[in-house]
Amino acid sequence: MKFKKFLAASMAATMVMASAMTVCAADAYPTLKHANENVLVAGDENMTTVAGDYSADCVRGTAVLTPYEDVMTTLGLTAGQRPTVVFYDAEEESSPEAFTCLDASVQELGATTVASLYIELGAKEDGKWIGVSEGTVTVKAGLPKTADKTKTYSIVRVEADGVVTVLDDLDNSDKTVTFEVTSGVGTYGIVAR
């Protein structure tokens with residue numbers, strides 16, 4: 001039990017540190033998208049409803065599909081606040097504890113990880129990042145070109161507190177995965193079975 005608490009505390013600390021590094025990196029090398037902007041996901045145009053940094057290269061594009069008004073409601077935001085999202089490639093060096101949880105879950109599923117995303121969902125107010133304690137949005141991500149189209153895909157979400165959840169793909173496309181992203185910081189492994 002003590003190890004689990006230690007693991008959760010260390011994972012939360014490293015994810016927060018990765019978050020701080022991400023905000024700095026986003027300022028230096030932004031791949032910014034505006035709310036309600038068209039983006040390519042696996043070669044198809046999709047409208048993303050949440051502004052943010054869409055820098056993940058391990059997938060072929062990402063888009064937040066939840067309507068903007070619903071995002072405002074589910075995140076509990078006021079008129080002066082705007083939802084913001086960050087998509088980066090997740091790297092083991094930035095959050096080794098998250099990858100330990102991810103790898104254990106993938107092994108238990110008998111699956112293979114094809115991409116790992118670092119996603120932070122929150123809001124900005126007066127240009128400053130503010131955390132959001134609850135709420136979800138639906139995200140679509142393009143599978144890598146090398147993904148085996150005969151496999152079934154799922155998502156393994158590792159939250160900052162160490163909670164691991166396996167999510168089913170919500171779409172029927174063989175070139176994308178669609179899944180729920182929770183507010184805050186998380187590592188999302190796209191896995192093939």
Side-chain angles (χ1 to χ4, degrees), residues 22 26 30-75 83-92 95 98-99 101-122 132 135-159 163-193:
T22 297
T31 309
L32 301 177
K33 301 294 179 193
H34 298 286
N36 300 316
E37 181 175 337
N38 285 328
V39 296
L40 289 178
V41 178
D44 296 328
E45 203 167 87
N46 291 260
M47 183 188 303
T48 189
T49 59
V50 175
D53 190 344
Y54 288 70
S55 292
D57 290 324
C58 65
V59 293
R60 293 185 302 141
T62 51
V64 177
L65 303 180
T66 305
Y68 186 84
E69 296 76 22
D70 294 345
V71 174
M72 291 291 290
T73 300
T74 192
L75 296 181
T84 306
V85 67
V86 175
F87 293 100
Y88 272 28
D89 295 340
E91 297 175 353
E92 189 169 358
S95 190
F99 272 83
C101 293
L102 175 61
D103 292 342
S105 298
V106 169
Q107 184 175 16
E108 189 176 310
L109 290 170
T112 305
T113 304
V114 298
S116 299
L117 294 167
Y118 164 87
I119 304 173
E120 184 167 4
L121 175 63
V132 178
T136 63
V137 298
T138 302
V139 168
K140 181 188 278 189
L143 291 171
K145 285 186 179 182
T146 57
D148 184 345
K149 293 184 178 188
T150 65
K151 301 279 186 178
T152 300
Y153 288 87
S154 306
I155 291 75
V156 176
R157 177 177 62 216
V158 181
E159 297 175 52
V163 174
V164 177
T165 309
V166 178
L167 306 166
D168 290 329
D169 181 6
L170 300 175
D171 70 38
N172 295 320
S173 172
D174 64 357
K175 57 186 187 176
T176 63
V177 289
T178 301
F179 55 98
E180 293 296 314
V181 169
T182 60
S183 60
V185 178
T187 299
Y188 293 75
I190 300 173
V191 301
R193 293 189 261 183

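Predicted model only: the values in this text are computed from it and were never measured.
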- Kindly indicate, with the supporting measurements, whether the criterion side chain to side chain contact (heavy atoms under 4.5 Å, CB included) is fulfilled by Tyr88 and Asp53. CA-CA 8 Å; Tyr88 272 28; Asp53 190 344; 3.1 Å; yes

- Run through Val185, Thr165, Val164 and flag the one making a side chain to side chain contact (heavy atoms under 4.5 Å, CB included) with Glu159. Thr165

- Task: Find the distance between NZ (Lys175) and NZ (Lys145) and round it off to the nearest 0.5 Å.
- Result: 11.0 Å

- Message: Please find the pair of heavy atoms, one from Thr176 and one from Ala42, that lie closest to each other, and give the distance.
- Response: CG2-CB, 3.8 Å

- For Tyr68 against Thr49, the heavy-atom pair lying closest together: CD1-O, 3.2 Å

- Item | Where Ala141 and Phe179 come nearest, the two heavy atoms and their spacing | CB-CE2, 4.2 Å

- Item | Backbone N/O of Thr178 and side chain of Asp169: donor-acceptor pair under 3.5 Å | yes

- Does Asp57 offer a backbone N or O that forms a donor-acceptor pair with the side chain of Asp89 under 3.5 Å? yes

- Message: To the nearest 0.5 Å, what is the distance between CD1 on Ile190 and OH on Tyr153?
- Response: 9.5 Å

- Is there side-chain contact between Val139 and Phe87, with heavy atoms separated by less than 4.5 Å? yes

- Message: Tell me which one of Asn46, Thr62, Thr48 satisfies side chain to side chain donor-acceptor pair (under 3.5 Å) with Lys140.
- Response: Asn46

- Task: Answer yes or no: does atom CG of Asn172 have more than 12 heavy-atom neighbours from other residues, nucleotides or ligands under 6.0 Å?
- Result: no

- Closest contact, heavy atoms only, Cys58 versus Leu117: SG-CD2, 3.7 Å

- Item | Student check: side-chain heavy atoms of Val114 and Lys151 closer than 4.5 Å | no

- Separation of Arg193 CZ from Asp148 CG (nearest 0.5 Å): 14.5 Å

- Looking at CZ of Arg157 and OG1 of Thr187, how far apart are the two atoms once the value is rounded to the nearest 0.5 Å? 11.5 Å

- Going from CD1 on Ile155 to CG on Leu170, what distance comes out if it is rounded to the nearest 0.5 angstrom? 7.5 Å

- Drop me the distance from Thr84's OG1 to Leu32's CG, to the nearest 0.5 angstrom. 10.0 Å

- Message: I want to check something: taking the side chain as every heavy atom from C-beta on, are Leu109 and Ser154 in contact at a cut-off of under 4.5 Å?
- Response: no

- Query: Considering the options Thr136, Val132, Ile119, which one meets the side chain to side chain contact (heavy atoms under 4.5 Å, CB included) requirement together with Thr182?
  - Reply: Thr136

- Item | Evaluation steps, side chain to side chain contact (heavy atoms under 4.5 Å, CB included), between Glu120 and Val85 | CA-CA 6 Å; Glu120 184 167 4; Val85 67; over 6 Å; no

- Message: I need the minimum non-hydrogen distance between Leu143 and Ala147, along with the two atoms involved.
- Response: CB-CB, 3.9 Å

- Could you tell me which non-hydrogen atom of Lys33 sits nearest to which non-hydrogen atom of Tyr54, and how far apart they are? CG-CD1, 3.4 Å

- Going by heavy atoms in the side chains, are Leu121 and Leu75 under 4.5 Å from each other? yes

